[in-house]
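Computed from a predicted model, the values in this text were never measured in an experiment.
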2 protein chains.
Amino acid sequence: MQNAECKLGAFMISKGPALRDQVYSHIRDRIVSGTLEPGRVIVEVELAAELNVSRTPVSNALVMLKERGLLEDDGGKLKVPILKLEDVINLYWCRMAHDGLASRLAAERIGAKDLKQLETYLRAWETPEREDDLSALWVSDLNFHHLIYRVAGNRHLLRFSELTTELVSVYRRNTIRRMTDPTSGTNRSRNDVRAEHEAIYEAIASRNPDAAEEAARFHIRMVIQHLEQADLVIQPEQVGL
Amino acid sequence: MQNAECKLGAFMISKGPALRDQVYSHIRDRIVSGTLEPGRVIVEVELAAELNVSRTPVSNALVMLKERGLLEDDGGKLKVPILKLEDVINLYWCRMAHDGLASRLAAERIGAKDLKQLETYLRAWETPEREDDLSALWVSDLNFHHLIYRVAGNRHLLRFSELTTELVSVYRRNTIRRMTDPTSGTNRSRNDVRAEHEAIYEAIASRNPDAAEEAARFHIRMVIQHLEQADLVIQPEQVGL
DNA sequence: ACTCTGCATTCTGCATGCAGTATTCGCTAG
DNA sequence: CTAGCGAATACTGCATGCAGAATGCAGAGT
């Protein structure tokens, strides 16, 4: 029963990755998607029953989620954190520091091949495709930033970045409506983002660490500024999407 | 047997904090102290027997340690990470970014009371006490930096800082002999550190975020520079203390 | 009607059982 | 003597049992 594949919510449990990791991913996704609303008390037994696994892997997964800040301990109970705009902004301040450092290090170390790849990701912004094809831009954006981290070659920095990204994905989902970095049709035009990315690229390409750091920081500062403006647009209802 | 207090290695198990947290602390301390040498394979059963607890809380503690980078997964086995100077330096790069941001935010927000407290910690460096009373300086140093983080008021940033500090404490113990930030009788004089701290303090006191960030960054850059010099002094033997 | 107390239910943390997997040691055959 | 194979061992992951703590509900007393 457990060796073969079993229903796991709407998905299957494969026997490849450890069960606790699958459970981790599943719960994380439910938090991000809002199926587990902010403030919701997490009950181990419930999830175990739901996923047709025992409490053990669920318990382990919960420990992991807690360590990463995706769950928080509130009066002895584990809850999905209730997220404020302040938290998102605080996370973006961290990201500013991280991205700045990553760009600095990347500017010092990048090779011809990676530089070319970086340019490719940048180009995605130049093509004036259909306005609604945002997912492609989003992917390019992720690739762009991720490549910079990879080139920076600091595994601890990369880890911090990943933690931040994971948290932001939760927070964003539950606090802001349609307020992603690359999209944002309202205040922040696609061209703004493109120009900021281009500045980062140019600084890295010219191997100018100071300029690279500053460009990356500027980029994030703009995002933060945008977030603060978006304060007005926040939806107070945090349940569901 | 479990309700009362039991032997836990050389210590006692209290019934206050959850067992897994006590086990976590114990193992972390053993990693930091070098009783569990870098490269050592961690075996759950062994630790459980040693601490007179079952495998369950040990397992949970190991998950936590892994999440925080104090253990790493190597070919399906958990090992105490083998640490290179490069890692310490990479961590200090992160710390530069974090401390810089914290100082910036602190400069924007600090109140009179905290400022006064910060000055107190700073003063500890001015008194030319006995040269060997380094622990007092070490404590002042910790307090100084920690207060800045507290004032900064960004809980995510604080968490990143704590993760970094925890990792550095491991790395330092096992790679460098007598190479702490405040001490360092060799290349880096106590006065250097004092001056750098004073610069940070002055910038924060004058509510100058840019200067505060730069002062903090300079401080860490000096530490990194010192670490790189210390490369020559590294002890290759990583086992034991 | 309101409150206090006690019982039932629920949940979590820890212990332990069970089975699959990998590793190692020894035996046997070439 | 060596190489290869098989069996025993060791370890981990998952399931489950057990007990203590908290929560809530209900009944009784004021």
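Note: CD (B:Glu44) to P (D:dC14) measures 11 Å, nearest angstrom. Separating the CG atom of B:Leu78 from the C1' atom of C:dA22 is a distance of 16 Å, rounded to the nearest angstrom. What separates CG of B:Leu71 from P of D:dT12 is a distance of 12 Å, to the nearest Å. Rounding to whole angstrom units, NZ of residue B:Lys79 and P of D:dT12 are separated by 13 Å. Between B:Asp73 atom CG and D:dC11 atom P the separation is 17 Å, expressed in whole Å. Across the protein-nucleic acid pair, A:Asn52 atom CG and D:dC14 atom C1' stand 14 Å apart, rounded to whole Å. In this structure, the CG atom of A:Leu19 is 18 Å from the P atom of C:dA19, given to the nearest Å. Between B:Asp74 atom CG and D:dC11 atom C1' there is a gap of 16 Å when expressed in whole angstrom units.
For the 3.5 Å distance criterion, the side chains of A:His98 and B:His98 qualify, holding a donor opposite an acceptor.
For B:Phe144, the ring-ring contact (aromatic ring centres under 6.0 Å, His included) test picks out B:His197, with sequence neighbours left out. By the side chain to side chain contact (heavy atoms under 4.5 Å, CB included) test, A:Thr56 pairs with A:Ser54, A:Asn60, sequence neighbours left out. Evaluation of the ring-ring contact (aromatic ring centres under 6.0 Å, His included) rule for A:Tyr149 yields no partner, not counting sequence neighbours.
B:Ile42 comes within 4.0 angstrom of the backbone, heavy atoms only, and of no base. Residue B:Val43 is classed as a sugar-phosphate contact, given heavy-atom separations below 4.0 Å to backbone atoms only.
Listed by first and then second residue, the salt bridge (Lys or Arg N to Asp or Glu O under 4.0 Å) pairs that reach into residues 18-29 of chain A are A:Arg28-A:Glu166, sequence neighbours excluded. For residues 105-114 of chain B, the salt bridge (Lys or Arg N to Asp or Glu O under 4.0 Å) pairs, not counting sequence neighbours, are B:Asp114-B:Arg150.
Residues of residues 54-70 of chain B that place a heavy atom closer than 4.0 Å to DNA chain C, in numerical order, are B:Ser54, B:Arg55, B:Thr56, B:Pro57.
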